[in-house]
Amino acid sequence: MPKYLYQRIYDVLNPGGIFINADQVLGKTPDLEQLYRQHWLDSVRAKNISEQDLKAAQKRMEYDRMATLDIQLSWLEAAGFQNVDCWYKNFSFAVFGGYRPSI
């Protein structure tokens with residue numbers, strides 16, 4: 001998610017509101033990113049996904065513009081969000097966000 005989008009979300013969020021983002025994040029290092037991708041691949045293959053569906057999912061993923069969790073948390077803070085935190089993370093899937101302060 002590009003940095004400017006977090007600013008737009010902050011600008012339209014009511015004072016006292018909370019923004020929660022559930023999304024995939026890029027691994028902090030190339031080794032972690034490789035681990036995350038392999039874990040995802042192993043998980044979907046364990047569910048007996050067809051090769052056609054797997055290839056379609058991989059094609060859609062080419063359009064993802066992921067950033068590391070640390071970078072996204074810093075973008076939220078730069079936009080003005082407070083109490084920014086990650087509440088859940090499992091490999092590349094994370095739930096994170098912050099609060100827009102009350103006036």
Side-chain angles (χ1 to χ4, degrees):
M1 183 172 294
K3 180 180 180 179
Y4 75 88
L5 186 53
Y6 286 145
Q7 186 64 60
R8 293 207 41 183
I9 292 166
Y10 180 87
D11 292 343
V12 299
L13 189 64
N14 289 331
I18 183 172
F19 169 64
I20 299 172
N21 190 21
D23 205 353
Q24 291 185 14
V25 295
L26 192 64
K28 205 174 198 178
T29 66
D31 288 342
L32 278 175
E33 181 58 22
Q34 183 177 1
L35 174 70
Y36 292 173
R37 290 291 162 190
Q38 190 61 52
H39 177 265
W40 175 83
L41 190 58
D42 293 345
S43 297
V44 296
R45 283 203 167 127
K47 293 180 172 113
N48 295 320
I49 189 172
S50 72
E51 281 302 310
Q52 181 181 357
D53 288 343
L54 176 59
K55 288 190 185 308
Q58 289 172 317
K59 182 67 176 168
R60 283 190 307 274
M61 290 169 66
E62 290 176 12
Y63 297 100
D64 289 345
R65 304 250 189 249
M66 296 191 312
T68 66
L69 178 60
D70 291 343
I71 289 172
Q72 293 197 54
L73 295 177
S74 72
W75 290 346
L76 288 170
E77 290 173 340
F81 286 96
Q82 293 182 349
N83 297 316
V84 170
D85 203 1
C86 175
W87 300 292
Y88 175 83
K89 186 168 182 296
N90 184 347
F91 291 89
S92 64
F93 182 76
V95 178
F96 56 96
Y99 297 83
R100 179 171 177 172
S102 299
I103 295 177

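Residue numbers run from 1 in the order of the sequence given. As the structure is a prediction and not an experimental result, all values here were calculated from the model.
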Please report the interatomic distance [atom1]([X]) to [atom2]([Y]), rounded to the nearest 0.5 Å.
X: Q58; Y: E62; atom1: CD; atom2: CD; value: 8.5 Å
X: N21; Y: C86; atom1: CG; atom2: SG; value: 10.5 Å
X: D31; Y: T29; atom1: CG; atom2: OG1; value: 5.0 Å
X: L26; Y: D64; atom1: CG; atom2: CG; value: 10.5 Å
X: E77; Y: Q82; atom1: CD; atom2: CD; value: 10.0 Å
X: Q24; Y: M61; atom1: CD; atom2: CE; value: 5.5 Å

Practice problem: Determine yes or no for a side-chain-to-main-chain donor-acceptor pair under 3.5 angstrom, with R100 supplying the side chain and Y10 the backbone. | Solution: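 Here the side-chain-to-backbone pair exists.
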Practice problem: Could you tell me whether a side-chain N or O of K89 sits under 3.5 Å from a main-chain N or O of F91, the two making a donor and an acceptor? | Solution: yes
Is it possible for you to say whether [X] and [Y] belong to one hydrophobic cluster, with membership spreading through side-chain heavy-atom contacts below 4.5 Å?
X: F81; Y: L5; result: yes
X: F19; Y: I71; result: yes
X: Y88; Y: Y99; result: yes
X: V25; Y: I9; result: yes

Quiz item: Can you tell which of D85, V84, I20, L76 makes a side chain to side chain contact (heavy atoms under 4.5 Å, CB included) with F96?
Solution: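 Per the side chain to side chain contact (heavy atoms under 4.5 Å, CB included) rule, the option paired with F96 is L76, out of D85, V84, I20, L76.
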Least distance between heavy atoms, [X] atom then [Y] atom:
X: T68; Y: G27; answer: CG2-O, 3.6 Å
X: A78; Y: K3; answer: CB-CE, 4.4 Å
X: G80; Y: P101; answer: O-CD, 3.9 Å

Is the closest side-chain heavy-atom distance between [X] and [Y] below 4.5 Å?
X: K47; Y: V44; value: no
X: L54; Y: L41; value: yes
X: V12; Y: R8; value: no
X: W40; Y: F93; value: no

Exercise. Name the orientation class of the two ring planes belonging to W75 and Y6 (parallel below 30°, tilted from 30 to 60°, perpendicular beyond 60°).
Key: tilted
